[in-house]
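Proteins come first, then strands; the chains are lettered A, B, ... in the order of their sequence lines, and each starts at number 1.
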Protein chains: 2
Amino acid sequence: MVRIADVAKMANVSTATVSRVISNAGTVKKETAEKVLEAIKKLNYQPNMLARQLRRSETKTILVVVPDITNTFFSAVLRGIESVAIENGYQVLLGDARNDVESETSFLTILGQKKADGLILLTARTNQKILEDLSEDYPVVLACEYYEGSKLPTVSIDNVSSARKATEYLISLNHKRIGHISGPLNIVVGRDRCRGFHQAMAQHGLSVDPSLVQEGEFSFESGFNLMMKFLSLESPPTALFAGNDEMAMGAIKAAKSKGLRVPEDLSVVGFDDIQFASIFEPALTTVAQPTFDMGQKTMRLLLKLIKDEELEKYQFILPDTLIVRESCKELTIEE
Amino acid sequence: MVRIADVAKMANVSTATVSRVISNAGTVKKETAEKVLEAIKKLNYQPNMLARQLRRSETKTILVVVPDITNTFFSAVLRGIESVAIENGYQVLLGDARNDVESETSFLTILGQKKADGLILLTARTNQKILEDLSEDYPVVLACEYYEGSKLPTVSIDNVSSARKATEYLISLNHKRIGHISGPLNIVVGRDRCRGFHQAMAQHGLSVDPSLVQEGEFSFESGFNLMMKFLSLESPPTALFAGNDEMAMGAIKAAKSKGLRVPEDLSVVGFDDIQFASIFEPALTTVAQPTFDMGQKTMRLLLKLIKDEELEKYQFILPDTLIVRESCKELTIEE
DNA sequence: TTTATCTATGTAATCGATTACAATGAATGC
DNA sequence: GCATTCATTGTAATCGATTACATAGATAAA
């Protein structure tokens, strides 16, 4: 292994000078710098980052914990994060929690071990107190998910109002018996979207039949199964707001399997606008989150925290969009 | 920051002893160890990994370079890799090349900088020589993609024979005018699948109309566009083998847009069996790669290389499966 | 009883960089 | 001509662990 001392010897200077050349300190005479550069090239020298990191006590690495890396929603956010990271000379250490809270929490030790300069969490299922304490000592930013009433720096959309918007769209199409398949209620976005649904219904004077609200798991299968449940009801819903796109697709598949047409017999709104939402048939009407932007914004915030800069605020709500495609239709009056 | 010296002082021992307790060296008296453990707990001490890594010159981190993290095929492989990594105390540094060769190559410096103990590449688009040289000095394993005639350790399926299998399936359904939308031919799996297609056709005495073979980009859009091209032909194909599922779906969408039914008027086979393949309508008949297994196998190989163990062989071909769903149908004789 | 061996622990070198401080010689100011 | 400042470079401390080697005391062997 080539060390800085080898370069120094070959160039006939001290290691300090070599280091100065590498870090572009500017106080080195031109000729000397050239000698050093030449030696570096000749020896094919690359600085040992471990040594540098130890000395500077910074790793230029950040840890990103995702709930599920195979979910394209999160990998899209991750891409936004990485783009800003790379731009700023940072690398991304990936923690895939595989939807398991324990494994999510276990990644947090990495910060204390100084293997990363900061943490981005795309999931907020760990004990809130643990995270808030961690955030006292290290740069931490949440994205997508968040804790209610916490001051942790967070980037997300307003899930409540988006869910309201989605529901209101169905209401505007004359639907009254609207069902909701929510995400898991122990996950904040599942809860918030459910809340938004109820708010919209209440605001328009529509009562919510409790049997038309079911808790899913954000999976295609749960969407399918719960829709089957709805369809076996005396009077099934004419419209459905699903907590995410996977469940929306599952629900539509279920409806089709029972001979219903979507959107003619059932209108469905999803959430997230994952890649396949537009390929699916019918193309999904859904709430699009600005995944890439969220990732970028999150990483920029983290950089500020790492540099010890003041944040102008701690909660960043990014705008989302209801994307109208083909999965909803106005209810013609015949009920 | 709590250092090992702080623990040593509190426990009234030397840093060497503390270190021995931490690493379970076994040569420490029980009482002493308890004293140390207590101090560690009281001070909430966590060893600084940078220091340890520098001293031991190992990072317990591996670098995984993926061509596109938002592609569920690769994230599924990645999950396999990570599962074995975590199990063995390794962490994953993620390099998302975003389908850009330059950025792919730029990640390779990380090894020389000692920020990772080994490298897994899910893409083989970097200059082959560069990689082979790198592999002389560091543990490197390729997965999914590979170099032709290279001895680099590789885990993959046999794309040629799988493509042959897929094509033969169409032939067995009586199809004769079979089209192929290939992946990019500068990517080895694109090339190999194309090769397999031609082999199968030749072996069954079927000629390949050159206008029925087009080079796509592994994207939904390219599948759509190239199928449109086929459909505007005097005599379009009755069956299609697509280089991956995204292109298969794009092609089907194109066929549908022209009023064709799949599989009645057009049979389609895809490749990869991504998540959405079974949800898509018609559910895709496709070649399933053992993504998770490939990831695991790859990581196990890398671990062997890191530990300087001998590999029994360098090329590992894992079995794939043709999954028959609903996108193909026997051609009834009327042509 | 004396020597050899073993157990438990400490001292200090080491990993490979960065950087505070020191030193040298040249240039500038008065 | 002497003091001061500046430019350039070197020496050595430092980051925080691990670990080779040394040592002291206890035990076993002869």
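- One interatomic measurement links the two molecules: CG of B/Asp6 to C1' of D/dA17, which rounds to 13 Å at whole-angstrom precision.
- Less than 4.0 Å separates DNA chain C from at least one heavy atom of each of the following residues of residues 50-63 of chain A: A/Ala51, A/Arg52, A/Arg55, A/Arg56.
- For B/Tyr45 and D/dA17, the shortest distance from a side-chain N or O to OP1 or OP2 is below 4.0 Å.
- In the model, A/Gln46 has no side-chain atom that pairs as donor or acceptor with a side-chain atom of B/Thr109 under 3.5 Å.
- From B/Glu104, atom CD reaches atom CG of B/Asn127 across 11.0 Å, with rounding to the nearest 0.5 Å.
- Using a 4.0 Å cut-off between charged nitrogen and carboxylate oxygen, B/Glu58 and B/Arg52 do not count as a salt-bridge pair.
- Among the atoms of the strands shown, only primed sugar atoms or phosphate atoms (P, OP1, OP2) are found under 4.0 Å from some heavy atom of B/Met1.
- Helical stems in DNA chain C, defined as runs of 3 or more consecutive Watson-Crick or G-U wobble pairs with donor-acceptor distances under 3.5 Å: C:1-30 with D:1-30.
- Qualifying salt bridge (Lys or Arg N to Asp or Glu O under 4.0 Å) partners for B/Asp68, counting only residues two or more places apart in sequence or in other chains: A/Arg79.
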Give me the distances for all protein-to-nucleotides 8-11 of chain D N/O pairs that come in under 3.5 Å?
residue, atom, partner, partner atom, Å
D/dT9, OP1, A/Thr32, OG1, 2.4
D/dT9, OP2, A/Lys29, N, 2.9
D/dT9, OP2, A/Thr32, OG1, 3.4
D/dG10, OP2, A/Ser14, N, 2.8
D/dG10, OP2, A/Ser14, OG, 3.1
D/dG10, OP2, A/Thr17, OG1, 2.7
D/dG10, N7, A/Arg20, NH1, 3.4
D/dG10, O6, A/Arg20, NH2, 2.4

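- One can place CG of A/Leu43 at 12 Å from P of C/dA17, the figure rounded to the nearest angstrom.
- Taking the salt bridge (Lys or Arg N to Asp or Glu O under 4.0 Å) definition, one finds that B/Glu217 meets it with nothing, sequence neighbours left out.
- With respect to A/Asp6 and A/Arg3, a salt bridge is recorded, a charged nitrogen being found less than 4.0 Å from a carboxylate O.
- Contacts of A/Lys29 classified as salt bridge (Lys or Arg N to Asp or Glu O under 4.0 Å), with partners at least two apart in sequence or in another chain: none.
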